[in-house]
Amino acid sequence: MVQATPFLLVLFLALGAHGVSVKKCNLTGRWVNDLGSNMTITTVNANGVFAGSYHTAVTATSNEIKVSPLQGAQQRGPNQKGQPTFGFTVHWTFSDSITVFTGQCFVDDDGKEILKTMWLLRSRVENIKSDWKATRVGINVFTRLQSQE
């Protein structure tokens, strides 16, 4: 029985390791952030490229808010562990500004997908003397928007 113990230990570890899986976060779908903005990401292709739309809940302009297109990329590669880093750009259709987001897609201990992001928004200004006020920075946390069926 002593000789069987190492074999059983290896077998137990192998079977136990099979049950442990990396929690994978999927960018595709509908998301809402902490400010109430909605984002939809369409299918991420094999190269990690994706597109979608962004409907912001906040703006510094008095213009009517409209849905704006986004384009981005998710990190792909042999070291990918299921909680990918990504970045995307939103081209605002209702203002002279553009925003770039970068972040990571996480799965928390309860299995909930969360996007932690940081963004830079660049607004057009009239001249170089006004450049100091042209860029804003912030963070947003997105959670998956559950479909209402």
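Distance alone, capped at 3.5 Å, is enough to place a donor-acceptor pair between the Arg76 side chain and the Asn45 backbone. A donor-acceptor pair is defined here as one N or O able to donate and one able to accept, closer than 3.5 Å; such a pair exists between the side chain of Trp31 and the backbone of Leu27. No donor-acceptor pair closer than 3.5 Å links the side chain of Asn47 to the backbone N or O of Val49. Distance alone, capped at 3.5 Å, is enough to place a donor-acceptor pair between the Ser68 side chain and the Thr93 backbone.
Thr89 pairs by the side-chain contact (heavy atoms from CB on, under 4.5 Å) definition with Ile98, Val100, not counting sequence neighbours. With sequence neighbours excluded, no residue forms a side-chain hydrogen bond (donor to acceptor under 3.5 Å, both in side chains) with Ser123. Scanning for salt bridge (charged side-chain N to carboxylate O under 4.0 Å, His left out) contacts around Asp131 gives Arg122, with sequence neighbours left out. When the side-chain contact (heavy atoms from CB on, under 4.5 Å) test is applied to Gln104, the partners found at least two apart in sequence or on another chain are Gln83, Thr85, Phe106. By the side-chain contact (heavy atoms from CB on, under 4.5 Å) test, Thr42 is found to be paired with Ala51, residues two or more places apart in sequence or in another chain being considered. In this structure, the side-chain contact (heavy atoms from CB on, under 4.5 Å) partners of Lys129, at least two apart in sequence or on a different chain, are Asn127. In this structure Phe142 satisfies the ring-ring contact (aromatic ring centres under 6.0 Å, His included) test with no other residue, sequence neighbours excluded.
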Is there a side-chain contact (heavy atoms from CB on, under 4.5 Å) between Met39 and Leu115? Walk through the geometry before answering. CA-CA 11 Å; Met39 172 176 66; Leu115 306 180; 3.7 Å; yes
Q: Would you check, one step at a time, whether the test side-chain contact (heavy atoms from CB on, under 4.5 Å) holds for Thr117 with Phe86?
A: CA-CA 9 Å; Thr117 66; Phe86 61 89; 3.8 Å; yes
| request: Show the numbers, then the answer: is there a side-chain contact (heavy atoms from CB on, under 4.5 Å) between Leu120 and Thr99? | output: CA-CA 6 Å; Leu120 289 172; Thr99 303; over 6 Å; no
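Taking OG1 of Thr143 as the start and CG of Asp34 as the end, the distance is 9.0 Å to the nearest 0.5 Å. Distance check, rounded to the nearest 0.5 Å: CZ of Arg30 to OG of Ser53 gives 9.5 Å.
Every pair passing salt bridge (Lys or Arg N to Asp or Glu O under 4.0 Å) that includes a residue from residues 108-118 is listed here, sequence neighbours excluded: Glu113-Arg144. Sorted by first then second residue, the ring-ring contact (aromatic ring centres under 6.0 Å, His included) pairs that include residues 35-54, not counting sequence neighbours, are Tyr54-Trp92, Tyr54-Phe101.
Within 6.0 Å of atom CG in Leu35, more than 12 heavy atoms from other residues, nucleotides or ligands are found, so the atom counts as buried in its surroundings.
Met118 and Leu70 fall into different hydrophobic clusters, where Ile, Leu, Val, Met, Phe, Trp and Tyr side chains are chained together by heavy-atom contacts under 4.5 Å. The hydrophobic clustering, which links ILVMFWY residues whose side-chain heavy atoms are closer than 4.5 Å, places Val107 and Val44 apart.
Minimum interatomic distance between Ser37 and Ala57 (heavy atoms only, all atoms of both residues): OG-N, 2.8 Å. Annotation for Ser97 and Leu121: closest pair CB-CD2, 4.3 Å, computed over non-hydrogen atoms.
Using a 4.5 Å cut-off between side-chain heavy atoms of Ile, Leu, Val, Met, Phe, Trp and Tyr, Ile114 falls into a hydrophobic cluster with Val141.
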